[in-house]
Amino acid sequence: KDATVWRKPSEEFSGYLYKAQGVVEDVTNRIVDHIRPGPYRLDWDSLMTSMDIMETFEENCCVMRYTTAGQLWNIVAPREFVDFSYTTSYEDGLLSCGISLDYGEVRPNFVRGFNHPCGWFCVPLKDYPSHSLLTGYIQTELRGMLPQSAVDTAMSSTLANFYSDLKKALKT
């Protein structure tokens, strides 16, 4: 109801490129403020369990480490990611993009996942400027011993829940 999720084989690695898209009732700046690394994300993103900004290079440009909860009754164990993140204006909207880095030691009880080039594009709807089209391109390599069917189930449900959780957070 909140989002549509597609997938196709990735050109970056042996997994999939997922595209998630949905209309969100709010302006682009406020939406992206809730998505980018920073104080809002942990308040509403049910999958994310921690987030630390490791280095800041300039405004809207950082290296962050975050952890995610286990999924599918912990068939998918908790993951840790270290990503370079950059947010900027793009045409009429905003772009927040990132890629994982080989950075630091993996903390105990986590599997280090890897995000190939990913991004969220948020543009206002021309006929409804108080609504925005939010499109995400995600290429996550969860790593570990996981069947592809478990990864597909986890990714599609996670991306669909992302939109409903974001919409709830924006209403508060």
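- How far SG of C122 is from CG of D92: 11.5 Å, rounded to the nearest 0.5 Å.
- When the side chains of ILVMFWY residues are joined at heavy-atom separations under 4.5 Å, either directly or via intervening members, L159 and L146 end up in a single hydrophobic cluster.
- Between M51 and M64, some side-chain heavy-atom pair lies under the 4.5 Å cut-off.
- Residues E80 and T67 have side chains that never bring a donor and an acceptor to within less than 3.5 angstrom of each other.
- The local environment of OH in Y90 is sparse, with at most 12 non-hydrogen atoms from other residues, nucleotides or ligands closer than 6.0 Å.
- Counting heavy atoms from C-beta on, the side chains of P9 and Y16 come closer than 4.5 Å.
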Go through it in stages, so that I can follow the logic: the residues are L125 and L133, the test is side chain to side chain contact (heavy atoms under 4.5 Å, CB included), and I'd like the CA-CA distance, side-chain angles, deciding distance and then a yes or no. CA-CA 6 Å; L125 294 180; L133 180 64; 4.0 Å; yes
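- Heavy atoms only, all atoms of each residue included: R41 and M48 are closest at CG-SD, 3.5 Å.
- In this structure, the side chains of T68 and F110 stay at 4.5 Å or more apart for every pair of heavy atoms.
- Of all non-hydrogen atoms in C61 and Y86, the two that sit nearest each other are CB-CD1, 3.6 Å.
- Interatomic distance, Y18 OH to M155 CE, rounded to the nearest 0.5 Å: 5.5 Å.
- Of all the heavy atoms in G113 and S100, the pair that sits closest is O-OG, 4.3 Å.
- For the pair K167 (side chain) and V23 (backbone), a donor-acceptor distance under 3.5 Å is present.
- Around atom CG of D43, more than 12 heavy atoms belonging to other residues, nucleotides or ligands sit under 6.0 Å away.
- The number of heavy-atom neighbours closer than 6.0 Å to CD of E105, taken from other residues, nucleotides and ligands shown, is 12 or below.
- One finds the CZ atom of F13 at 4.5 Å from the NE2 atom of H116 (value rounded to the nearest 0.5 Å).
- Between R107 and S50, the closest side-chain pair of non-hydrogen atoms falls below 4.5 Å.
- Cluster annotation: I53 is connected to I35 through the hydrophobic network of ILVMFWY side chains, with a link wherever side-chain heavy atoms come within less than 4.5 Å.
- By the rule that hydrophobic residues join a cluster once side-chain heavy atoms approach within less than 4.5 Å of another member, F81 and L17 end up as members of separate clusters.
- Residues L142 and F114 form no side-chain contact, since every pair of their non-hydrogen atoms from C-beta on lies 4.5 Å or further apart.
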With side chain to side chain contact (heavy atoms under 4.5 Å, CB included) as the criterion, how do D152 and R7 come out once you've worked through the C-alpha distance, each side chain's angles and the decisive distance to 0.1 Å? CA-CA 9 Å; D152 293 342; R7 73 172 194 173; 2.4 Å; yes
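- Counting only heavy atoms from C-beta outward, the side chains of I138 and W120 approach each other to under 4.5 Å.
- Between Y128 and H131, the two ring planes are perpendicular [angle over 60°; tilted spans 30° to 60°].
- Judged by distance alone, with hydrogens and angles left aside, the side-chain atoms of S132 form no donor-acceptor pair with the main-chain N or O of L134 at under 3.5 Å.
- Annotation for S96 and V32: closest pair CB-CG1, 4.4 Å, computed over non-hydrogen atoms.
- In this structure, H34 and L170 have side chains that are in contact, with non-hydrogen atoms separated by less than 4.5 Å.
- To the nearest 0.5 angstrom, D26 atom CG is 8.5 Å from L166 atom CG.
- No continuous path of hydrophobic side-chain contacts links V106 to L101 [ILVMFWY only; heavy atoms under 4.5 Å].
- Side-chain N or O atoms of Y163 include one that pairs as donor or acceptor with a backbone N or O of A20 at under 3.5 Å.
- Heavy atoms only, all atoms of each residue included: G93 and P124 are closest at CA-CD, 4.3 Å.
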Steps toward ring pair (Phe, Tyr, Trp, His ring centres under 6.0 Å) verdict (F162, W44): CA-CA 9 Å; F162 180 90; W44 67 269; 5.1 Å; yes
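- With a 4.5 Å cut-off on side-chain heavy atoms, D102 and V82 do not count as touching.
- Taking each heavy atom of N161 and S164 in turn, the nearest pair found is O-OG, 3.1 Å.
- Side chain to side chain, E55 and Y103 meet the donor-acceptor criterion of an N or O pair below 3.5 Å.
- No side-chain donor from either of D45 and Y40 sits under 3.5 Å from a side-chain acceptor of the other.
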Please assess D52 against Y66 for the test side chain to side chain contact (heavy atoms under 4.5 Å, CB included), listing each intermediate value before the final yes or no. CA-CA 6 Å; D52 301 305; Y66 64 96; over 6 Å; no
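- Looking at T140, its side chain never comes within 3.5 Å of a backbone N or O of N115 through a donor-acceptor pair.
- Here the side chain of Q139 pairs a donor or acceptor atom with the backbone of P117 at under 3.5 angstrom.
- Between the SG atom of C97 and the OH atom of Y137 there is a distance of 13.5 Å, given to the nearest 0.5 Å.
- No donor-acceptor pair under 3.5 Å is formed between the side chain of R79 and the backbone N or O of G70.
- Judged by distance alone, the side chains of T135 and Q21 do bring a donor and an acceptor atom under 3.5 Å apart.
- Checking side-chain atoms of R36 against main-chain N and O of T87 turns up no donor-acceptor pair under 3.5 Å.
- Here the straight-line distance linking atom CD of E141 with atom OG of S14 works out to 6.0 Å at 0.5 Å rounding.
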